[in-house]
Number of protein chains: 2
Amino acid sequence: MPARPMTATRFLARMSLETEVGTALSDTRIRLLEEIGRKGSINQAAKAVPLSYKAAWDAIDTMNNLAPEPLVVRVTGGRQGGGTQLTEYGRRIVAMYRALEIEYQAALDRLSERLNDVGGGDIQAFQKLMHSMSMKTSARNQFAGIVTGLRDGGVDYEVRLRLDPRHEITSVITKASAENLNLQIGKEVFAMVKSSSVMLAVDKGMKLTARNQLWGEVVAVHEGPVNNEVTLQLPSGRNVTAVVTQDSCTALGIEVGTEACAFFKSSSVILAAYD
Amino acid sequence: MPARPMTATRFLARMSLETEVGTALSDTRIRLLEEIGRKGSINQAAKAVPLSYKAAWDAIDTMNNLAPEPLVVRVTGGRQGGGTQLTEYGRRIVAMYRALEIEYQAALDRLSERLNDVGGGDIQAFQKLMHSMSMKTSARNQFAGIVTGLRDGGVDYEVRLRLDPRHEITSVITKASAENLNLQIGKEVFAMVKSSSVMLAVDKGMKLTARNQLWGEVVAVHEGPVNNEVTLQLPSGRNVTAVVTQDSCTALGIEVGTEACAFFKSSSVILAAYD
DNA sequence: ACACGCTGTATTGTTTGCTACATAGATTTG
DNA sequence: CAAATCTATGTAGCAAACAATACAGCGTGT
């Protein structure tokens with residue numbers, strides 16, 4: 001974790017349009033719509049987002065009911081058992097949302113820029129607070145790495161990252177984010193994983209679909225009422241923290257000294273880069 | 001529900017500064033800090049926000065731990081049993097957040113203004129969607145009323161609303177919101193209540209602390225696995241929907257035809273106004 | 001000495017949003 | 001007719017966030 005002088009924190013545009021009661025449009029829902037447009041089925045779109053089919057269907061249904069005209073058309077039965085297509089209207093809404101998002105990010109950028117320019121004493125205190133907060137919260141499961149691969153997957157980018165000669169992880173992020181980060185082969189970035197989305201395994205022979213697997217030795221187990229917090233040390237000295245239920249902890253026989261594998265889906269890897 | 005021509009929807013500034021993992025500063029937390037500054041105790045501040053003491057304490061604790069220097073100082077014991085005070089640093093952070101919030105709202109206003117100016121076909125479709133969504137989602141437990149009273153309570157405003165000659169409800173909203181809505185005696189506004197925060201009673205003699213009590217007749221009971229959805233019709237013909245547990249439903253003997261009272265806290269009433 | 005009103009924890013329950021699983025129904029193609 | 005593959009729907013269960021409640025400890029004023 002290099003102690004580089006970090007410049008002003010950038011505000012992230014995590015937009016979501018909310019009504020008085022409940023959320024109407026969020027990034028997840030828009031991504032779901034986009035995937036439907038590409039895949040032609042709720043089922044596959046749900047897998048791509050990722051979401052459970054149920055959640056996806058519910059989201060689609062409420063959106064369809066809320067909107068003045070349907071966003072998607074659904075067909076049951078048929079050659080491939082049916083399918084779902086974006087309507088022209090739906091396509092327009094998605095496009096508008098994305099356009100609005102870009103504008104929103106631009107507005108935020110102007111805002112933070114202004115904050116930097118003015119630079120009074122109080123503002124600096126505020127920035128220092130935000131900075132220290134973001135450092136503290138992201139201090140766990142943060143890996144510095146170098147981009148070694150970049151695959152355009154239509155909407156998503158698959159980013160391959162080398163942490164050290166022995167460890168690589170991959171991250172799948174939206175195209176928009178990728179472009180935003182200005183990713184390039186060789187660029188240094190930070191990868192973060194929430195400890196709750198890290199799973200553990202001990203069986204060396206087991207085949208896992210998860211792309212990211214890091215083997216290490218358990219160096220600490222912090223017991224909670226329901227979940228345990230397990231810290232793994234990788235051969236390189238890096239630490240990985242996972243939060244797993246006590247049950248699976250005992251089932252796997254995890255205790256200090258155990259060899260274990262921390263694995264996580266590439267879609268739960270968050271990337272950050274500082275220019 | 002008058003079908004008035006509604007002008008462009010304004011984006012609401014619900015700002016919250018989020019780090020990669022978790023929310024650091026949100027409106028609720030800042031309001032908590034403000035209340036602490038005024039009341040001098042976490043306990044009373046929590047009641048004012050409102051929040052449970054636990055939630056408030058947790059929030060304060062994490063903020064204090066995250067920040068480079070404490071935002072509050074806490075004392076146990078003493079004349080009034082102790083207390084909590086904002087530090088100078090904490091006061092500065094609150095002030096900065098509020099200032100930033102104003103800037104943020106301004107940025108959003110510029111954004112929505114631009115959206116209105118450009119006004120291409122797609123943008124109008126988008127606005128129509130958002131409009132219809134906010135209408136549809138707020139269709140339940142929405143009451144049109146006229147402001148009959150307005151009491152400045154320091155940070156909060158207590159708004160008295162007349163629905164019809166026989167029914168009045170009161171709402172407590174933050175000063176900021178009140179000013180945003182440009183409330184005045186005689187102004188027509190909409191009041192909304194989530195059906196999950198509506199409670200039921202049948203005992204006519206019972207004294208309730210809740211300010212808002214609406215008597216009516218049960219016209220529908222929609223049974224769910226755990227909760228029932230009970231719809232009351234007021235004498236004026238208005239409908240109120242409450243979601244209550246099956247247990248309390250049977251305990252109160254609620255079925256179609258029962259006379260019942262729907263009551264809710266004034267802090268769970270949301271107001272909306274269209275200029 | 002004692003009461004007061006707060007801090008600091010822990011316990012339990014509720015709500016919300018999701019996942020995972022199960023199953024019925026649709027309809028075209030082979 | 002059967003197979004394939006999706007939509008459409010329900011149920012169970014989990015995890016996070018929060019509410020409600022209880023209670024021990026504290027120290028100043030009366």
Side-chain angles (χ1 to χ4, degrees), chain A residues 16 18 21-23 26 28-29 32 36 39-47 49-62 64-65 70 72-85 194-197 199 224-229 243-248 265 267-268, chain B residues 16 21-23 26 28-29 32 36 39-47 49-62 64-65 70 72-85 194-199 223-227 229 243-248 265 267-268:
Chain A
S16 80
E18 306 188 345
V21 187
T23 303
S26 64
T28 305
R29 289 189 170 186
L32 181 62
I36 285 174
K39 302 269 168 63
S41 114
I42 297 183
N43 212 335
Q44 291 178 33
K47 278 182 195 124
V49 169
L51 263 178
S52 68
Y53 178 81
K54 181 83 162 76
W57 190 87
D58 283 348
I60 294 291
D61 200 50
T62 60
N64 248 9
N65 286 334
V72 299
V73 278
R74 291 174 280 186
V75 188
T76 69
R79 184 154 124 66
Q80 260 84 26
T84 302
Q85 293 293 330
K194 271 209 294 188
S195 51
S196 59
S197 52
M199 292 158 285
V226 186
N227 292 317
N228 285 358
E229 197 181 271
V243 172
V244 294
T245 59
Q246 281 195 337
D247 289 349
S248 46
K265 290 190 292 187
S267 62
S268 54
Chain B
S16 77
V21 189
T23 303
S26 64
T28 305
R29 289 187 170 189
L32 182 63
I36 286 174
K39 300 269 168 65
S41 114
I42 296 183
N43 211 335
Q44 291 178 33
K47 279 184 194 124
V49 169
L51 263 178
S52 68
Y53 179 81
K54 177 86 163 77
W57 191 87
D58 282 349
I60 294 293
D61 202 49
T62 60
N64 249 10
N65 286 335
V72 299
V73 278
R74 290 175 280 186
V75 190
T76 68
R79 183 155 127 63
Q80 262 85 24
T84 303
Q85 294 292 331
K194 272 208 297 187
S195 52
S196 60
S197 52
V198 176
M199 293 157 285
E223 303 214 347
V226 186
N227 292 317
E229 198 182 87
V243 172
V244 293
T245 60
Q246 281 195 338
D247 289 350
S248 46
K265 289 191 292 187
S267 63
S268 54

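Chain A is the first sequence line, chain B the second, and so forth, proteins listed ahead of strands; every chain is numbered from 1.
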Which nucleotides of nucleotides 6-16 of chain C have their base under 4.0 Å from a protein heavy atom (B), which only their sugar-phosphate (S), and which neither (-), written as one string 5' to 3'?
BBBBBB----S
For Ser196(B), check side chain to side chain contact (heavy atoms under 4.5 Å, CB included) against everything at least two apart and list the hits.
Lys194(B)
What's the CG-P distance between Leu51(A) and dC21(C), to the nearest Å?
16 Å
Looking at every heavy atom in both Ala59(B) and Leu32(B), which two are closest together, and how far apart are they?
CB-CD2, 4.2 Å
Expressed in angstrom and rounded to an integer, what is the separation of Met199(A) atom CE from dA15(D) atom C1'?
15 Å
Looking at side-chain heavy atoms only, is the closest gap between Pro50(A) and Lys265(A) below 4.5 Å?
yes
Could you work out how much the helix from dA1(C)-dT30(D) to dG30(C)-dC1(D) bends, comparing the axis of its first five pairs with that of its last five, to 10°?
20°
Please give, in whole Å, the distance from dT7(D) P to Leu32(A) CG?
11 Å
Sequence-distant partners of Lys47(B), side chain to side chain contact (heavy atoms under 4.5 Å, CB included), two or more places apart
Asn43(B)
Kindly indicate whether the side chain of Ile36(B), heavy atoms from C-beta on, has any atom under 4.5 Å from the side chain of Ile60(B).
yes
For Glu229(B), side chain to side chain contact (heavy atoms under 4.5 Å, CB included) partners two or more places apart:
Arg140(B), His222(B), Thr241(B), Val243(B)
Partner residues of Asp58(A) under the side chain to side chain donor-acceptor pair (under 3.5 Å) criterion, sequence neighbours left out:
Lys54(A)
OG of Ser41(A) to CZ of Arg74(A), rounded to nearest 0.5 Å, is 12.5 Å
